[in-house]
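Here the structure comes first, spelled out in structure tokens, and everything after it is commentary.
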Amino acid sequence: MVEWTDAERKAIIGLWGKIDVGEIGPQALSRLLIVCPWGKRYFKEFGDLSTNAAIMGNPKVAQHGKTVMGGLENAVKNLDNIKQTYAKLSAMHSEKLHVDPDNFRVLAECISLCVAAKFGPSVFTAEVQEAWQKFLSVVVSALGRQYH
Amino acid sequence: MLSKKEKDLIKEIWERLTPVAAEIGADALLRMFASYPGTKTYFSHVDISPNSSHLLSHGKKIVLAIAEGAQDISQLTVTLAPLQTLHAYQLRVDPRNFKLLSHSMLVSLACYLGDEFTPVAHAAMDKYLSAFAAVLAEKYR
């Protein structure tokens, strides 16, 4: 069971309240595909991903980024039960989508960097970063949990 | 592999950050210590609290070394030779920690550069810091 301090809960919920899922989600997924291009293997039906401009302008990338980021809402609302909350998604990513779970970690890093760039050091302090990254690592772990 | 454009961009960014090396470096270290408490074990003998003189001087040292490497990335193995020896034979920092500092450094850069931390700059920096860390670890074994 994950233990959250009051400060961590406050930081996570506070930061989540500021985040525009439609903005950060597409940015984070685009960055994943630009920084780790081998991630493109999972998005063959998304159309043109051949250049950075193509990736950043691709509406399917944007939509999927929004979907993934929006999914974090469930985790924020269920901080004490993230493993169960993500069990079905985990099974799906393993059995249907066959996604290497290391990609979840990379996407989490991209999300943190987009949030840092958007909000700057006065909002994304070292303490907020710690709480936020701990939260994302729990989600990443839950997503990888049902792999077999 | 870094393209010429990426190398120029990396060089230009680190040159710009040299005057605030202590602030950026200290910020990155603080973030690393907060998110990855295991990294603090290497600093048990010094004061690494926010604004401590050691944190600022150590942060400055690290950023200046990264900036120096960025001047001529093709010569990284030559530039880093003394630091390679230091880390391998004296400091013996587990090189898995280099990744943690690299990520923390990227967060500091994102905070500091904001919009300028474009996906292109992000990718270039990530590649450079990975290469830097790999070269730094070369003499370990």
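Letters A, B, ... mirror the listed sequences (proteins, then strands); counts begin at 1. Note that the coordinates shown come from a computational prediction; the quantities given were computed from them, not determined experimentally.
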- Message: With a 4.5 angstrom heavy-atom cut-off, is it the side chain or the backbone of A/Thr125 that approaches chain B, or both, or neither?
- Response: backbone
- Query: Can you tell me if CD on A/Glu45 sees more than 12 non-hydrogen neighbours from other groups inside 6.0 Å?
  - Reply: yes
- Would one find more than 12 heavy atoms of other residues, nucleotides or ligands at under 6.0 Å from atom NZ of A/Lys40? yes
- Inspect the surroundings of CG in A/Asp20 and state if more than 12 heavy atoms from other residues, nucleotides or ligands are less than 6.0 Å away. yes
- Within 6.0 Å of NZ in B/Lys139, more than 12 heavy atoms from elsewhere: yes
- Message: Can you give me the closest heavy-atom contact between A/Leu113 and B/Ala110, atom names plus distance?
- Response: O-CB, 3.7 Å
- More than 12 heavy atoms of other groups within 6.0 Å of B/Asp115 CG: no
- Is A/Leu32 reachable from A/Val35 through a run of hydrophobic residues whose side-chain heavy atoms are each under 4.5 Å from the next? no
- Note on the structure: Scanning both residues in full, the closest heavy-atom pair of B/Pro119 with A/Ile34 reads CB-CD1, 3.7 Å
- Please round to the nearest 0.5 Å and tell me the distance separating atom CD of A/Gln129 and atom CZ of B/Arg31. 5.0 Å
- Item | Flag if over 12 foreign heavy atoms under 6.0 Å of NZ, B/Lys60 | no
- Would you mind checking which part of B/Leu106 comes under 4.5 Å of any heavy atom in chain A, side chain (CB onward), backbone (N, CA, C, O), both or neither? both
- Query: Which one, B/Thr118, B/Asp126, B/Leu109, leads in non-hydrogen pairs under 4.5 Å with chain A?
  - Reply: B/Thr118
- Of all heavy-atom pairs linking B/Ser35 and A/Glu130, the shortest is OG-CA, 3.4 Å
- Query: To the nearest 0.5 Å, how far apart are CD in A/Glu109 and OG in B/Ser102?
  - Reply: 10.0 Å
- Item | Nearest-0.5 Å distance, NE2 of residue B/His122 to SG of residue A/Cys114 | 7.5 Å
- Contact part of B/Phe33 toward chain A, heavy-atom cut-off under 4.5 Å: side chain, backbone, both or neither? neither
- Message: Heavy-atom count check: over 12 atoms from other residues, nucleotides or ligands less than 6.0 Å from B/Glu12 CD?
- Response: yes
- Task: Against chain A, work out which of B/Cys111, B/Pro37, B/Ala123 has the most heavy-atom pairs shorter than 4.5 Å and name it.
- Result: B/Cys111
